[in-house]
Amino acid sequence: MPRVYLETYGCQMNVADSELMLGKLAAAGYEHTENPDGADVILVNTCAVRENAEQRVIGRLTDLRRHMTRDTVLGVTGCMAQRLGARLLDADSRVSLVVGPDAYRALPDLIESARKGERATATDFDLEEHYDDFQARRFEGVKAWIPVQRGCDYRCTYCIVPYTRGPERSRALADVVRETREVVAAGLSEVVLLGQTVNSWTDGTGDFGDLLRAVGAVDGIRRVRFTSPHPNDFSDRVIAAMAETPAVCEHVHLPMQSGSTSMLKRMIRRYTREGYLACVERMRAAIPALSITTDIIVGFPGETGAEFDDTLSAVREIGFDDAFTFKFSAREGTPATRMPAELTVPDDVVDTRYEELVRVVRGISRERNMRRLGERREVLVEKAARKGGDLLQARSRDFRTVMVPAEGTAIGEYLEVELTGTTGSTFTGTPVPTSRAVRLPTLAVN
Ligand code: 5AD
Ligand code: SF4
């Protein structure tokens, strides 16, 4: 059997796409290998969202040559493949395949041709494509990524995604529910619904609230998450579905990008500072235990000191449980690159603001986490802790990372823990007797 090695960069949607590609290739007779040495096919599934993501891939393509023989096929897939197309073939003589996010159905054929020496690009968008008939080969043992929507119809001025993943399209509810059932049958109990603006999902018969309720009603599902939503698509109906569906976890990742209305306008985010705050309020009113994380960009063209201060004050006012912070990266072809050059924020200003933002975000997150000490959480044990040793890494419904003792605990197990320590960002948890164990003797007596 020919062997395929695959590396994934970027977001969870890319991870899900990698799982689909490997599933498709397995069906076509390829064996997956975790080692690039001796692989017949090497695929690099790429991200284009920031310049440094692309630089990393370019470096990696050079590194991978060490593992290749004359016959190894090297393919680039994903957002960078879509963005650069044939330019990648010109730039790197060893790359023989460039395949965009809507063209993975053709992967086995393209690889066959490449093994005969043909170089090719496949970057057409396909507005019907959801890979519904693919059997994903899942990497994760405890949770499943389920794409429910592909592409994006928003046009935020900094963002390359509408150009790399094409127009928005939603997958049919019945297909999402079917995949959820398969995931449960395979022994998993957590799903993460994926889409670029996932809560704008609609299959023409219902909205994202209906989808949440349908997935949450699948027998055996204990946790439903989704990422990433857009604030404008949180209708009262969708929020009610979150609140009323027990499996939907008490966490939302809600990209803010900026806390300044004038900046949000230049980003064409389609909401104001007040609109974002109101969305947070409505969600917290419906789901009091909700934890909220976000994405923030620093140094977007024209960012003034006052606008940056608005971001800091919004961060403080909302009290995010965590935030991913990014320095603005100009992406060729996006509207932001057509803004006047004098609006460019100097690197040293961006660096200073970025450091300040990170400091504020970490301080708030530490303070919020300290207050959680002594509380109990149900955690799902996900994997060995990165530092190894005798700890496993688990996750609470409200998305906190909790280290638990490995002894007597298995990956995939749910535990009730008391949060006994925190680094400021992650927790240590001490298992407590579950309510079931406590109740059993009582039942026996009765
Ligand atoms: N520069 C910096 N950050 C970006 N993001 C998207 N595009 C850019 C860009 N051009 C960030 C946004 C988004 C996250 C996935 O990446 O914050 O929510
Ligand atoms: Fe994901 Fe966006 Fe990166 Fe594409 S460009 S891999 S959609 S984060």
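Please read all numbers here as calculations on a predicted model, not as lab measurements. Read the numbers this way: they start at 1 and go in the same order the structure lists the ligands and their atoms.
Remark: Arg50 is positioned above the aromatic ring of Phe326, its terminal NZ or CZ atom under 6.0 angstrom from the ring centre and at most 45 degrees off the axis. Figure legend: cation-pi geometry between Arg395 and Phe399, with NZ or CZ positioned under 6.0 Å from the six-membered ring centre and within 45° of its axis.
Proximity of Phe326 to ligand 1, defined as any heavy-atom pair under 4.0 Å, is confined to the side chain (atoms from C-beta onward). Within the 4.0 Å heavy-atom criterion, both parts of Val49, backbone and side chain, lie near ligand 1.
The shortest N/O to N/O separation between Arg50 and ligand 1 falls below 3.5 Å.
By the 30° and 60° cut-offs, the orientation of the rings of Tyr271 relative to His230 is perpendicular.
Nearest to atom 18 (O) of ligand 1 by heavy atom, out of Thr337, Thr227, Thr157, Asp295, is Asp295.
Distances below 4.0 Å separate heavy atoms of Arg331 from the following atoms of ligand 1: 10 (N). Proximity to Gln257 (heavy-atom distance under 4.0 Å) selects the following atoms of ligand 1: 12 (C), 13 (C), 17 (O), 18 (O). Near Ser329, meaning under 4.0 Å from any of its heavy atoms, are these atoms of ligand 1: 1 (N), 2 (C), 9 (C), 10 (N).
Of the options Met242, His253, Gln149, a side-chain contact (heavy atoms from CB on, under 4.5 Å) to Phe226 is made by Met242 and by none of the others.
Checked for salt-bridge contact, Arg331 and Glu51 meet the test: a charged N lies under 4.0 Å from a carboxylate O.
The number of heavy-atom neighbours closer than 6.0 Å to CD of Glu128, taken from other residues, nucleotides and ligands shown, is 12 or below.
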